[in-house]
Amino acid sequence: MIPMKLATLPNKIQDAFFRWGWLLLTVLPLTQLGGRALFNVVAGLYAVWGLISLWSRCDRLDRPTAWFYLILLGAFLLGIPDAIDPAEARKTWATFFMYSLSLLLMQVALQESPAHPDRLLKTMALFGGMTLAGLVLLLPYYVLGWSGQPFDPTSQLREDNLPFLLPFMLGWIWRQGDGRWRYGAMIGVIAVALSYVALAEGRAALLGLIVGLATFCWAVLGWRLRWSVLLAALALVVGILANTTPFHKSELDPNRPLDAFTTGRTILWRQALQHPPERAWLGVGIGNGFYAREVLSFTIGSDQIQVKHLHNFLMDAWYETGLLGLGALLALIGTVFGRLARAWRRLSAEDRQRAGILLAAALAIMTAGLLSFGYTSRYFACYGFACLGGLSYFAMLPSGAADKNPDRR
């Protein structure tokens, strides 16, 4: 007979994951400061532990979201056998699955306890603040040349996490603080994040941060939409004035200002549209986009620039996984946002604030992904899908308490 302790071990492992193991996700942005290996170890532990634990709670999954997620995985799989490099495609698909599993794990974990949504927001804010502090403390190491290399902000600074993390930090200050001091604290955090992004010359991160900030002001602070848009425009102006280099590239065609603003990314997109993949429905294979070298190169002045992907998560998904893959991805995102929109008015004021923080983070990631990282990146597939999982949880909630003052300020 199996000893009683061994027989109950699987249940204990599963219960431990949904008590605290699911919060490993919140540590991942901080682990990126320690390098790719540390991130992969923690992300792999989170995914394997979560996958083992998920089976016992499959009945808690949001079925429409889960089905569209499975369809997405299947659509990506279809293009692997005839991909340019099937081995690379299988590896990329496995990595995407490991990252994107956060969609299912998040919506199940939040149902485990009524306290879990607040635990998620507080823990994410804590590690987000630690990540921002770590990025700032590392600045002298690069700026003063202690790394042994000349200071190059575009390659040495790591700003891509900040648009995703900022709403959580601001949300903690707003919901935990009391009095006017919280406005000063929020402005201070925004200023530090905006300054770092401007110093890093991160156009994608700047736009993501601005969209996330505008969404936060509307969904969490209750600002009218016009004031949120005005704040976004002001933040964009400040970011451009703080560092004009990324927004002006004289080597590019002056008659195409959008090419200069995106540093040639729109050139890549036009080339991809002019030379689409031979397999329109399945693409060249997930993770195989970098083989299209003629599409992924362009000239700035006398320099020939070669990149690894199209720097737009929608274009990358279309080129690598075809119309089926892109359609499945858009269907999944549209399902989550559509269900949330229908449920928004019946949520309590507190739940709208909680969901608003996740919505701001999700839109910040997607906006940055339109100019930077691809759909298989850790930013989009892991953090973005975790936000989608959290939003699908709020879309499933029953009607909350009536909001006594639903009017926007």
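Just so you know, residue 1 is the first one in the sequence shown, and it goes up from there. If you're wondering where the values come from, they're calculated on a predicted model, not measured in any experiment.
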Residues forming a side-chain contact (heavy atoms from CB on, under 4.5 Å) with [X], sequence neighbours excluded:
| X | result |
| --- | --- |
| Thr335 | Pro64, Phe68, Arg339 |
| Gln306 | Arg293, Leu296, Ser297 |
| Asn312 | Trp269, Leu314, Met315, Leu370 |
| Trp146 | Pro140, Tyr141, Leu144 |

>> Suppose we call two aromatic rings close when their centres sit under 6.0 Å apart. Are Trp22 and Phe17 close by that rule?
In response: no

>> Applying side-chain hydrogen bond (donor to acceptor under 3.5 Å, both in side chains) as the test, list every pair that has at least one member in residues 95-104; sequence neighbours left out.
In response: Tyr69-Ser100

> Got more than 12 heavy atoms from elsewhere within 6.0 Å of CH2, Trp172?
Replying inline: no

>> Given Trp174, which partner from the list Phe216, Tyr183, Trp223 fulfils the ring-ring contact (aromatic ring centres under 6.0 Å, His included) test?
In response: Tyr183

Listing, residues 121-133 side-chain donor-acceptor contacts under 3.5 Å, not counting sequence neighbours, or none:
residue, atom, partner, partner atom, Å
Thr123, OG1, Arg119, O, 2.6
Thr131, OG1, Leu30, N, 3.4
Thr131, OG1, Phe127, O, 2.7

> With Arg57, which residues qualify under salt bridge (Lys or Arg N to Asp or Glu O under 4.0 Å), at least two apart?
Replying inline: Asp15, Glu112

> Who passes salt bridge (Lys or Arg N to Asp or Glu O under 4.0 Å) against Asp85, sequence neighbours left out?
Replying inline: none

Distance-only donor-acceptor hits, side chain of residues 184-194, under 3.5 Å, sequence neighbours excluded:
none

Donor-acceptor contacts, no H, no angles, side chain residues 274-287, under 3.5 Å, sequence neighbours left out:
residue, atom, partner, partner atom, Å
Arg279, NE, Gly283, O, 2.9
Arg279, NH2, Gly79, O, 3.0
Arg279, NH2, Gly283, O, 2.8

> Got a sec, which residues hit ring pair (Phe, Tyr, Trp, His ring centres under 6.0 Å) with Tyr319, two or more places apart in sequence or on another chain?
Replying inline: none

Output side-chain donor-acceptor pairs under 3.5 Å for residues 32-41, partner residues at least two apart or in another chain, one line each.
residue, atom, partner, partner atom, Å
Gln32, OE1, Asn161, ND2, 3.1
Gln32, OE1, Tyr383, OH, 2.7
Gln32, NE2, Tyr379, OH, 3.2
Asn40, ND2, Arg36, O, 3.3

